[in-house]
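What follows is a set of notes on a single structure, which appears directly below.
Proteins come first, then strands; the chains are lettered A, B, ... in the order of their sequence lines, and each starts at number 1.
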Number of protein chains: 2
Amino acid sequence: MYIETAGTTKFDRKLAAPCLKCPTRRHSIYAALSGDMLDDLFRRGHCLALGRGETLMWEGEEALLVGTVRSGLLKITSMMSDGREQILGLAFPGDFVGRPFSRQATSSITALTDTTMCVFRGNVFDAFAGNHPELQHAVLLHALDELDRARRWMMLLARTSARERVASFLIEMADRAGAGDGEPVDIMLSRQQMADFLGLTIETVSRRLTALRQARVVRLPDLRSFIILSRAALRDAAGDALSLAA
Amino acid sequence: MYIETAGTTKFDRKLAAPCLKCPTRRHSIYAALSGDMLDDLFRRGHCLALGRGETLMWEGEEALLVGTVRSGLLKITSMMSDGREQILGLAFPGDFVGRPFSRQATSSITALTDTTMCVFRGNVFDAFAGNHPELQHAVLLHALDELDRARRWMMLLARTSARERVASFLIEMADRAGAGDGEPVDIMLSRQQMADFLGLTIETVSRRLTALRQARVVRLPDLRSFIILSRAALRDAAGDALSLAA
DNA sequence: CGTGCGGTTGATCCGAGTCAAGCCAAGTGG
DNA sequence: CCACTTGGCTTGACTCGGATCAACCGCACG
């Protein structure tokens with residue numbers, strides 16, 4: 001919908017060394033892999049820092065990188081020719097992004113906040129995975145999980161009301177942040193991004209949020225955070241769209 | 001939405017032998033695999049016939065089988081507690097269904113027409129794939145394809161009008177059938193199933209179809225088939241939702 | 001100060017959903 | 001053979017939720 005401030009990606013080879021001690025290597029798809037193998041893999045990787053709004057890859061263009069998010073938040077998006085944009089998924093720390101075994105990006109990937117990543121050149125990663133079935137297995141499990149998540153999200157986009165979508169989004173964000181009721185949760189998205197994610201317009205998102213505020217279900221201390229006052233009421237508003245987002 | 005006539009699945013071990021000559025073994029995920037390995041794998045497989053409306057697995061329940069469609073058509077669905085159903089995907093001949101490396105079904109799989117399949121017990125398939133990285137690689141590529149398809153479909157469900165959805169559905173079906181303009185194409189879905197697929201109601205599907213008929217874009221010789229009269233007009237109606245379904 | 005940007009709020013519109021009636025072809029049973 | 005039902009589909013009248021268009025608010029920044 002908007003052309004984000006698109007800078008060049010900061011690709012600093014000198015940061016490769018710290019990757020060997022990268023905290024994400026024990027999580028996400030690497031969790032099940034042996035230390036030796038990880039050393040081997042991470043020697044081939046690099047650290048990458050993306051500023052808010054910077055884009056890792058563009059839909060339809062060549063995509064040379066794959067990797068995992070270390071900190072921050074990415075959006076995976078697709079856009080129609082008339083400008084309608086849809087966020088197809090979010091990538092939180094630990095999530096794997098990019099398309100192994102293909103150099104064609106089927107969607108754009110853009111940083112919503114300042115983000116750091118562990119990245120590999122696609123062909124390097126592919127070759128390594130080809131020699132290490134365990135890694136390929138881990139990638140497969142991750143892909144199957146993503147497929148399930150995408151399908152549940154399809155359900156939400158196809159069949160639920162704006163009320164249900166906004167409520168289940170808030171629950172999802174609170175759960176991701178591990179925040180209990182009464183604790184402030186950081187919404188890392190602008191209203192526009194929430195709208196793109198939920199398949200709504202910015203005005204509808206705003207209205208549904210104020211409705212929840214007026215019903216004393218949440219507080220909205222500022223534009224980028226919220227506090228759940230009544231979990232039960234929020235769950236109720238989400239219907240079982242809740243379980244779809246899980 | 002409806003309780004389909006749910007029979008027990010016809011699981012006939014005696015049909016295993018013909019699987020060695022099953023035509024699908026040279027297609028789909030098996031295409032890249034060696035003949036010896038396929039013999040080995042298919043010795044462990046079975047043929048399965050599903051009548052229209054029969055269900056291979058139920059959402060949330062244990063799913064012991066994985067396999068590929070040999071002939072016919074399956075729907076992959078999920079349902080909300082209030083009965084709202086959504087078709088998350090269709091499985092045409094050659095497509096792989098089921099969830100390897102997990103015995104939990106995340107969606108239901110039901111035959112829309114009489115269907116034959118090549119199936120494997122999940123744990124048998126998993127073990128075999130564990131010993132044959134090429135097979136696992138093929139499954140991974142298939143999963144990544146499905147993920148892309150699901151994400152494009154999300155876009156369609158989130159952002160397009162009923163007109164665009166119905167038009168792109170017709171184009172998709174015609175392309176799948178390889179039928180040119182003027183040739184009748186079999187819609188293998190009822191109006192209800194089309195609605196569940198497109199995230200619409202049966203009435204809206206019906207209205208959009210008659211609108212296309214009245215505009216002389218398609219002919220509808222009977223309830224289960226259609227003929228494209230003007231490809232250009234149909235493409236136009238689909239907008240670029242067309243490319244989303246591809 | 002203005003100016004711009006992100007967000008909210010209000011008025012109105014429109015398209016898909018809902019509810020209800022009717023159509024037609026395929027059974028079904030007297 | 002014909003009345004009657006049944007199920008899938010179409011059509012019409014109406015409703016309603018979310019989109020659209022537009023005004024406005026508040027804050028950051030020059």
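- In this model, no donor atom of one side chain and acceptor atom of the other lie less than 3.5 Å apart for B:Ser206 and B:Glu203.
- A straight line from CG of B:Leu189 to C1' of D:dC9 spans 15 Å, rounded to a whole angstrom.
- Not counting sequence neighbours, the partners of B:Asp145 by the salt bridge (Lys or Arg N to Asp or Glu O under 4.0 Å) test are A:Arg99.
- Using cut-offs of 30° and 60° on the angle between ring planes, the pair A:Phe197 and A:Trp153 is parallel.
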Enumerate donor-acceptor pairs with a distance under 3.5 Å from any side-chain N or O in residues 180-190 of chain A to protein atoms, sequence neighbours excluded.
residue: A:Asp181; atom: OD1; partner: A:Arg231; partner atom: NH1; Å: 3.3
residue: A:Asp181; atom: OD2; partner: A:Arg231; partner atom: N; Å: 3.3
residue: A:Glu183; atom: OE2; partner: A:Gly180; partner atom: N; Å: 3.1
residue: A:Ser190; atom: OG; partner: A:Gln192; partner atom: N; Å: 3.4
residue: A:Ser190; atom: OG; partner: A:Gln193; partner atom: N; Å: 3.2

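- With rounding to whole Å, A:Arg84 atom CZ is found 12 Å from D:dA19 atom P.
- Checked by atom type and distance alone, the side chain of B:Arg159 pairs as donor or acceptor with a backbone atom of A:Glu85 at under 3.5 Å.
- In this structure, CG of A:Leu212 is placed 13 Å from P of C:dT9, rounded to the nearest angstrom.
- If you check residues 198-208 of chain A against DNA chain C, the residues with a heavy atom closer than 4.0 Å are A:Glu203, A:Ser206, A:Arg207, listed by number.
- Between B:Arg235 and B:Glu172 there is no salt bridge, since none of the side-chain N atoms of the basic residue sits less than 4.0 Å from a carboxylate O of the acidic one.
- Between B:Glu59 and B:Ser78, the side chains place a donor N or O and an acceptor N or O closer than 3.5 Å (distance only, hydrogens not considered).
- In this structure, B:Arg159 atom CZ and D:dA19 atom P are separated by 8 Å, rounded to whole Å.
- Taking atom CZ of B:Arg191 as the reference point, atom C1' of C:dC23 lies 14 Å away to the nearest angstrom.
- Contact check of residues 215-226 of chain B against DNA chain C (heavy atom, cut-off under 4.0 Å) returns no residues at all.
- Distance B:Arg52 CZ to D:dG8 C1': 12 Å, rounded to the nearest Å.
- Legend: side chain to side chain donor-acceptor pair (under 3.5 Å) pairs involving residues 209-227 of chain A, not counting sequence neighbours, sorted by first then second residue: A:Asp222-A:Ser225.
- One interatomic measurement links the two molecules: CG of B:Asp196 to C1' of D:dC9, which rounds to 15 Å at whole-angstrom precision.
- For A:Phe120, the ring-ring contact (aromatic ring centres under 6.0 Å, His included) partners two or more places apart in sequence, or in a different chain, are A:Phe42, A:Phe125.
- Across all strands shown, B:Arg213 has heavy atoms under 4.0 Å from sugar-phosphate atoms exclusively, and none from any base.
- Nucleotide C:dG6 holds its P atom 16 Å from the CE atom of A:Met194, rounded to whole Å.
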